[in-house]
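Below: the structure, in structure tokens.
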Amino acid sequence: MSHLMPTYSPLPVTFVKGEGVWLWDDKGQRYLDALAGIAVCGLGHCHPKLSEAVCEQAKTLIHTSNLYHIDKQEKLATKLVSLSGMDNVYFCNSGAEANEAAIKLARLHGHNKGIDLPTIIVMEQSFHGRTMATLTASGNRKVQAGFEPLLTGFVRVPYNNIDAVNHVAIHNKNIVAVLVEPYQGEGGVNIPQAQYLQDLRRICDENNWFLMLDEVQCGIGRSGKWFAFQHSAIVPDVMTLAKGLGSGVAIGACLANGKASGVFKPGNHASTFGGNPLACAAAFATLNIIEEENLISHAMKLGNFIRDRLKQSLTGETGVVQIRGQGLMIGIELAVPCSGLVTKALERGLLINVTSDKVVRLLPALVMQLDEAEQVVESTSAIIKEFLHNVDN
Ligand SMILES: *Cc1c(COP(=O)(O)O)cnc(C)c1O
């Protein structure tokens, strides 16, 4: 009998080894991984250089405390700042914590301006995490139900709808920030119109609000740029990172730019583990390996290839609503709920995901090769076709 709290419903498989985009279970069966630990293992499993950097650091120094200078943290911050064009970084241990930091930063900024009830605009279908503040910010009743009372200080608008944001700007004088995913992940791989971030940037500038981008899922190369905002020729005030940053060693980051970079003062926020030497070594190695192996442009090409091939294979199939995405965030929306596809894929040795009930989601590692991607396309298409034909019957 399991002594774990039943917060998850794990699939009946136990992986014991990984290499590149392949995983092996405890029976020796091999699986092609098109999910990468939900966008975490961008370098694939156990990239030799990453494993070496983690082992080296584990043998030298794992943890001290933020009571002391941490050289690896300084180096990682400098690297993130140079890649993003932002000004400074706060390190934590997860995506929810990174967003929690962003929310606190925005509220403090509001109070500094004399706004007693600082309020943040958030989006429908968004996902920002499972802490009380981040589940309140999330646009998904399933993550909130049963945990009321929720926090105050959030107003929700439809995603990809600038008029709705303008409307709030006119009627609510307590707004201090907009928190938004440049591309929504859990909400169904939703890609807004091309001008969306530019329009949000302009509204934020006009109203003296912070534009806060949750790049926990789409950041670190997955979109085909280092950061999704770099597709839009804007810079946010705040950006949060986590999933792909440490390749599976827990680390999150909240970056700030300009005025936002001066909001937190000593004592305002802290984390015991945040940015410890081990986590920073993993993240620093991750960024360097992505750079050395040109994985950003590869992610862009591979994403286009996968979407093109999926379209060739699935267009015209009744029940396939849309194939969409950006870089290696790929969604196939079906007309009917399809969470059962995950087990069907597993039985064929393929790891995929279904989000928002009807969207098959692929989040392959940035290191996936073309022939492996072709296998993902063939298996995924076959499973979807089989599923749709059975539904028809
Ligand atoms: C996964 C995710 C989070 C939450 O990250 P955790 O590390 O699970 O706390 C927040 N925002 C987005 C966009 C995510 O995809």
Side-chain angles (χ1 to χ4, degrees), residues 5 7-8 10 35-42 90-106 120-140 142-144 147 151 154 156 159-160 177-192 196-197 200 211-223 227-229 231 236 238-255 269 271 273-275 279 282-283 286 325-331 353-356 359 361-365:
M5 283 197 194
T7 54
Y8 306 102
L35 193 61
I38 319 186
V40 168
C41 309
Y90 166 82
F91 288 111
C92 51
N93 313 284
S94 67
E97 278 179 84
N99 288 325
E100 196 72 38
I103 292 164
K104 284 181 68 176
L105 190 155
I120 299 172
I121 297 180
V122 292
M123 305 298 157
E124 289 174 6
Q125 283 114 44
S126 62
F127 182 74
H128 300 294
R130 299 280 197 151
T131 62
M132 281 312 304
T134 56
L135 75 81
T136 300
S138 295
N140 180 345
K142 277 192 205 157
V143 310
Q144 298 172 339
F147 301 109
L151 273 62
F154 296 91
R156 195 171 306 287
Y159 187 61
N160 194 20
V178 176
L179 173 62
V180 59
E181 294 157 270
Y183 306 114
Q184 287 186 334
E186 305 304 303
V189 191
N190 301 319
I191 312 299
Y196 187 52
L197 288 190
L200 286 178
L211 177 58
M212 309 203 296
L213 301 183
D214 179 346
E215 296 223 14
V216 168
Q217 187 162 149
C218 62
I220 316 291
R222 180 156 295 278
S223 76
F227 307 106
F229 76 77
H231 291 280
V238 174
M239 168 174 68
T240 56
L241 300 171
K243 291 195 165 89
L245 180 56
S247 296
V249 180
I251 185 167
C254 176
L255 284 79
H269 200 41
S271 162
F273 296 128
T286 299
Q326 172 66 48
L328 290 174
M329 281 178 84
I330 298 158
N353 175 249
V354 170
T355 192
S356 267
V359 182
R361 178 171 54 160
L362 307 178
L363 298 166

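Numbering starts at 1 and runs along the sequence shown. All ligand and atom numbering here is 1-based and tracks the order in the structure. Quick caveat: nothing in here was measured; it's all calculated off a predicted structure.
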Legend entry - Heavy-atom neighbours of Tyr196 OH exceed 12 at 6.0 Å: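 Yes, because the 6.0 Å sphere around OH of Tyr196 holds more than 12 heavy atoms from other groups.
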Legend entry - ligand 1: protein residues within heavy-atom distance under 4.0 Å: Ser94, Gly95, Ala96, Asn99, Phe127, His128, Gly129, Glu181, Asp214, Val216, Gln217, Lys243
Inset, instruction - Apply ring-ring contact (aromatic ring centres under 6.0 Å, His included) to Phe154 and list each qualifying residue two or more places apart in sequence or on a separate chain. - result: none
Legend entry - Partner residues of His231 under the ring-ring contact (aromatic ring centres under 6.0 Å, His included) criterion, sequence neighbours left out: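 Expected list: none.
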Legend entry - Note: Glu215-Arg222 ion pair, threshold 4.0 Å (strictly below): no
Inset, instruction - Sequence neighbours left out, what passes side chain to side chain contact (heavy atoms under 4.5 Å, CB included) with Val143? Give chain and number order. - result: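 Result, side chain to side chain contact (heavy atoms under 4.5 Å, CB included) vs Val143: Phe127, Arg130, Leu135, Ser138, Asn140.
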Inset, instruction - State whether the side chain of Asp214 and the backbone N or O of His128 hold a donor-acceptor pair below 3.5 Å, judged by distance alone. - result: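 Answer holds: no.
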